[in-house]
Amino acid sequence: EVGEGIRRAIAEGVCTREELWVTSKLWNTFHSPAHVEVACRKTLSDLGLTYVDLYLIHFPISQRYVPIDTRYPPEWVHDPEAATPRMEYAAAPLHMTWPAMEALVDAGLTRNIGVCNMASSQLRDLLSYARL
């Protein structure tokens with residue numbers, strides 16, 4: 001829906017892509033470096049864009065991967081149909097996710113990267129190894 005609105009606005013001359021600031025977020029199930037670009041490209045495809053202006057790590061919580069073909073968006077619980085639905089965590093620490101986020105900038109898929117919902121201690125840690 002959002003992508004269609006963006007396409008229409010640009011096609012009808014309401015605005016240009018350069019006049020828009022588009023922000024999106026990496027969901028918790030895509031923190032593994034192998035999944036960061038896949039998730040970003042899914043967002044770009046949904047929006048009909050070649051890049052976003054800002055791509056954020058949504059939460060400092062890494063959850064077990066749910067393939068896009070299985071369920072998208074993946075929700076908070078790993079298997080909502082389970083007898084006892086629950087969150088399942090993944091071993092994908094921020095120091096592994098962040099370089100994959102930086103690679104998105106290098107590839108031109110986003111112009112800027114950032115984080116949300118992090119404590120100051122997590123930000124200090126990130127700043128100790130961040131290139132961007």
Side-chain angles (χ1 to χ4, degrees):
E1 296 170 0
V2 173
E4 179 56 32
I6 291 172
R7 282 188 286 281
R8 263 185 60 203
I10 293 171
E12 294 173 6
V14 174
C15 61
T16 65
R17 170 62 183 96
E18 293 73 26
E19 293 173 315
L20 297 175
W21 180 275
V22 179
T23 300
S24 191
K25 296 179 180 181
L26 177 72
W27 187 245
N28 306 338
T29 55
F30 299 107
H31 282 210
S32 170
H35 302 138
V36 171
E37 184 174 330
V38 171
C40 183
R41 287 188 183 278
K42 171 66 171 149
T43 295
L44 294 173
S45 174
D46 289 348
L47 296 174
L49 299 173
T50 58
Y51 70 92
V52 290
D53 298 283
L54 177 61
Y55 199 58
L56 302 168
I57 295 176
H58 196 180
F59 283 96
I61 301 169
S62 299
Q63 292 178 273
R64 187 171 160 200
Y65 177 65
V66 176
I68 291 169
D69 295 352
T70 301
R71 187 175 61 254
Y72 189 84
E75 304 181 34
W76 280 96
V77 296
H78 182 72
D79 181 3
E81 304 300 319
T84 308
R86 62 185 178 90
M87 288 176 60
E88 293 186 22
Y89 299 102
L94 183 60
H95 75 269
M96 292 174 57
T97 306
W98 192 254
M101 294 287 286
E102 292 173 327
L104 298 176
V105 176
D106 297 338
L109 302 176
T110 183
R111 300 236 169 123
N112 302 280
I113 53 176
V115 296
C116 300
N117 304 302
M118 292 198 176
S120 61
S121 60
Q122 292 167 309
L123 292 174
R124 281 192 299 275
D125 179 61
L126 173 61
L127 289 171
S128 73
Y129 51 81
R131 179 175 55 89
L132 302 175

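Side-chain atoms are counted along with the backbone in the values below, which use heavy atoms only and exclude waters and symmetry mates.
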### Task
Tell me whether the centres of the aromatic rings in Trp76 and Phe59 are closer together than 6.0 Å.
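Centroid separation for Trp76 and Phe59: below 6.0 Å.
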4.5 Å side-chain heavy-atom contact, [X] and [Y]:
X      : Y      : value
Phe30  : Pro74  : yes
Val52  : Leu109 : no
His35  : His31  : no
Thr97  : Pro93  : no
Ile57  : Lys25  : no
Val105 : Tyr51  : no
Ile113 : Glu102 : yes
Tyr89  : Ile61  : yes

Rounded to the nearest 0.5 Å, what separation is found between the [atom1] atom of [X] and the [atom2] atom of [Y]?
X     : Y     : atom1 : atom2 : value
Arg7  : Leu49 : CZ    : CG    : 8.0 Å
Arg41 : Thr50 : CZ    : OG1   : 10.5 Å
Asp46 : Glu4  : CG    : CD    : 12.5 Å
Leu26 : Cys40 : CG    : SG    : 8.5 Å

Establish whether [X] and [Y] are linked, either directly or via other cluster members, by ILVMFWY side-chain heavy-atom contacts under 4.5 Å.
X     : Y      : value
Leu94 : Met87  : yes
Leu56 : Leu126 : no
Met96 : Val115 : no
Trp27 : Met101 : yes
Val14 : Val2   : no

Minimum heavy-atom distance [X]-[Y], with the two atoms named:
X      : Y      : value
Pro85  : Pro80  : CG-O, 3.6 Å
Thr29  : Arg64  : CG2-O, 3.2 Å
Asp53  : Leu20  : OD2-O, 3.3 Å
Gly114 : Leu54  : N-CD1, 4.2 Å
Pro60  : Cys116 : CD-O, 3.9 Å
Asn112 : Trp21  : ND2-CH2, 3.5 Å

### Query
Under 3.5 Å, side chain of Asn28 to main-chain N/O of Gln63, donor-acceptor pair present?
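No, because the side chain of Asn28 does not come within donor-acceptor range (under 3.5 Å) of the backbone of Gln63.
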### Query
Is there a donor-acceptor contact under 3.5 Å from the side chain of Arg86 to the main chain of Asp79?
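Answer holds: no.
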### Stepwise side chain to side chain contact (heavy atoms under 4.5 Å, CB included) test for Glu19 and Arg17
CA-CA 5 Å; Glu19 293 173 315; Arg17 170 62 183 96; over 6 Å; no
### Task
Would you please test Tyr55 and Thr23 for side chain to side chain contact (heavy atoms under 4.5 Å, CB included) and show each step?
CA-CA 6 Å; Tyr55 199 58; Thr23 300; over 6 Å; no
### Query
Would you call the rings of Tyr129 and His95 parallel, tilted or perpendicular if under 30° counts as parallel and over 60° as perpendicular?
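Answer is perpendicular, since the angle exceeds 60°.
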### Query
Does Glu12 have any salt bridge (charged side-chain N to carboxylate O under 4.0 Å, His left out) partners at least two apart in sequence or in another chain, and if so, which?
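For Glu12 the salt bridge (charged side-chain N to carboxylate O under 4.0 Å, His left out) partners, ignoring immediate neighbours, are Arg8.
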